[in-house]
Amino acid sequence: MKKLLTTFLLLILLAGCVEQVPEIDLILPCEDPNSYLCYLEQPCDIYDGTCDEFAQELLDTLTLEEKVGQMIQTERGSISLDEVKSYNIGSILSGGGSHPNDMYDDYQAWYNMVVDFQEAALSSSSGVPLLYGVDAVHGHNNVYEMTIFPHQINMGIINDPNLTYALSKATAEQLLTTGITWNFAPSLSVNQHIGWGRSYESYGEHPEIFQNLTQSALQGYIDYGIVPTAKHFLADGGTMGIDQGNATINATNLDVHLAPYLEAIETKVPTVMASYSSINGIKMHGSRIYLQELLKDELGFKGFIISDWNAIHQLEGSFYQQIVTSVNAGVDMLMEPYDWKSAYHEMILAVNNNDITLERINDAVFRILRVKFQSNLMTQPTFQLPYTEDMKLDHVLLARELATKSAVLLKHETTLPLNENHKVHLAGPAGDHIGFMSGGWTTNWQGNLDNTFNIGTSLKDGLSQKTTLVNYDQSDVVVIALTETPYAEGFGDQGYPSLTSGNAHPENVQALELAAKAKSDGKTVIGILFSGRPLFLDNHLNTFDTFIAAFLPGSEGGYGLAQLLYGEADFTGKLSYSWPKDTSSWGMTSWQDTYDPNKFLFPYQFGLNYMS
Ligand code: GLC
């Protein structure tokens with residue numbers, strides 16, 4: 001760190017007193033280096049060249065070994081502090097659910113872990129601090145007792161740039177209470193098939209939503225001290241429901257998948273994650289045409305590209321060859337959770353063999369260092385934002401607003417609003433389960449099945465704030481809470497995702513039977529579905545007087561739905577995916593000229609309300 005800080009501070013001083021160094025419009029470190037305001041004052045901008053001087057000056061001091069170390073990201077569980085130091089590791093990640101000890105670790109335990117790793121990096125020969133990255137894709141979802149926000153599918157339904165910005169800001173605050181400064185979000189997958197297990201990580205099927213939200217999603221992170229990631233480049237949402245599959249791309253649909261990245265670069269996005277998937281049979285991680293020539297050269301991306309988790313192992317050849325292919329294609333940092341040490345040595349060998357040029361290494365490290373300088377990591381490598389009660393309350397209130405605004409009223413026959421005279425019975429697997437309302441990437445990679453949360457408002461909690469719930473026989477209204485069980489990535493790929501197949505919770509079956517009984521008993525039947533995507537409803541919709549798609553609203557989902565059912569708020573949500581009637585509409589999405597809304601049960605942007 002001494003060499004680094006000396007360099008950086010020397011540059012600051014030089015900028016002020018020696019003419020030959022070009023004047024760099026630099027914000028000097030604040031008097032109170034621990035203040036958030038100071039932390040937010042970015043010393044330079046990677047897109048206007050003001051970080052170049054700092055990065056080049058530091059790059060010129062590094063050995064080949066120190067440079068290669070910067071290009072390696074390892075998983076926290078597979079490296080010691082001494083190894084972080086001796087290998088000059090540039091970044092560490094927590095994979096989904098990779099806690100310091102277990103899922104009950106609070107923000108302080110996370111911060112203590114991050115500081116340990118950071119201090120090891122600062123004591124390395126280069127002294128360059130490391131970037132710690134996580135998938136905080138709907139709030140800082142790994143950390144116990146942190147508010148879980150709605151997933152991106154819900155944000156696409158709201159489709160409000162201001163609320164998208166507010167979500168990024170809140171997530172940035174959560175991250176900085178743990179000292180983490182890099183988020184692998186937002187996902188810019190323009191998803192064309194709801195059979196994909198990552199449908200809920202997308203805003204929806206139409207590029208117009210991404211054109212409306214991408215800049216706000218990124219800016220909210222950048223303004224509040226977080227390095228965001230546009231992922232997964234390119235056309236990960238075009239593989240027609242097959243995770244890590246192949247996208248058939250042509251002149252018609254290339255722009256659909258590219259649209260969000262044009263927004264991202266306009267917002268000066270600092271990092272991009274390459275996609276596991278292929279375009280027309282070409283693996284993204286090995287494609288120089290897409291990574292170097294399109295993203296960097298043509299579109300002007302000035303940040304750095306990180307590979308996805310072990311993704312280069314899917315390329316042809318030996319590990320050595322996979323490293324050569326991906327780095328020469330334009331990957332700047334390798335996400336090698338386990339094989340980081342061999343990646344390090346193979347990359348050095350590749351440079352010595354001139355299979356990877358020193359020029360390419362320097363370009364990659366220059367890009368990485370620029371992001372580190374801009375993110376203030378160099379001046380405040382262990383910054384922690386206090387996690388105050390006011391902040392926690394702000395997050396809960398925001399989560400409630402987002403949950404309320406992202407539910408979609410699909411069917412309504414004069415049942416709402418409920419009032420104190422209604423006798424309500426609640427049933428179904430999601431009636432009292434924060435985990436099912438939150439989906440994948442929640443406390444663990446594949447989500448939280450055990451409902452082990454110490455926060456939030458379940459549907460039962462929310463309804464109980466409005467009325468005393470009664471047993472079936474005493475009721476005149478039955479609320480049925482249906483759900484998918486949580487999943488992430490390929491574990492959610494389904495050929496026929498429905499209420500009773502695919503990832504559907506097995507208890508949906510008896511819940512639907514109860515709904516049918518309630519209907520035949522003359523009761524009012526309200527269905528609420530928690531899912532990561534539209535599901536085939538088959539013939540079940542007829543059973544319900546009212547049917548609501550809540551998708552994945554997060555830990556305050558119960559509050560939002562109770563507000564809507566009891567008339568405190570009206571529905572405003574509009575579908576960000578076309579809701580299929582049957583499989584005949586596979587492949588038809590609303591941006592296409594041939595789109596026929598009549599082929600769907602509910603078309604793109606459908607959503608009822610009941611107050612006006
Ligand atoms: C995963 C995902 C990617 C995530 C990364 C790190 O496999 O594809 O979205 O950021 O690994 O967890």
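In what follows, residues are counted from 1 in the order of the sequence shown. Numbering of ligands and ligand atoms starts at 1, following listing order.
Of the N or O atoms in Ser94, none lie within a sub-3.5 Å distance of an N or O in ligand 1. Checked by distance only, ligand 1 and Arg198 come closer than 3.5 Å through their nitrogen or oxygen atoms.
Contact between Glu201 and ligand 1 is absent, with no heavy atom of the residue lying under 4.0 Å from the ligand. Ligand 1 lies nowhere less than 4.0 angstrom from a heavy atom belonging to Trp445.
Using a 4.0 Å cut-off between a side-chain N of Lys or Arg and a carboxylate O of Asp or Glu, Asp82 and Lys85 do not qualify as a salt bridge. Arg533 and Glu484 are joined by a salt bridge, as a carboxylate oxygen and a charged side-chain nitrogen come within less than 4.0 angstrom of each other.
The shortest distance between side-chain heavy atoms of Ile148 and Ile434 does not fall below 4.5 Å.
In terms of protein heavy-atom proximity, atom 1 (C) of ligand 1 is nearest to Glu489 OE2, 3.2 Å. The protein atom (non-hydrogen) at minimum distance from atom 6 (C) of ligand 1 is Asp135 OD2, 3.3 Å.
The distance from ligand 1 to the heavy atoms of Trp309 drops below 4.0 Å at these ligand atoms: 7 (O), 11 (O). Within ligand 1, the atoms closer than 4.0 Å to a non-hydrogen atom of His232 are 3 (C), 8 (O), 9 (O), numbered from 1 in the order shown. The distance from ligand 1 to the heavy atoms of Phe184 drops below 4.0 Å at these ligand atoms: 10 (O).
One side chain, Gln108 or Asn112, offers a donor N or O that lies under 3.5 Å from an acceptor on the other. With no hydrogens or angles considered, a side-chain donor-acceptor pair links Gln192 and Thr589 at under 3.5 Å.
Between His151 and His138, the ring planes are parallel. Angles under 30° get that label, and only those over 60° would be called perpendicular. Aromatic ring pairs are classed by plane angle as parallel below 30°, tilted from 30° to 60° and perpendicular above 60°; the pair Phe436 and His433 is parallel.
In this structure, of Asp308, Leu93, Val137, the residue bringing a heavy atom nearest to atom 5 (C) of ligand 1 is Asp308.
Counting heavy atoms closer than 4.0 Å to ligand 1, residue Gln73 contributes nothing at all.
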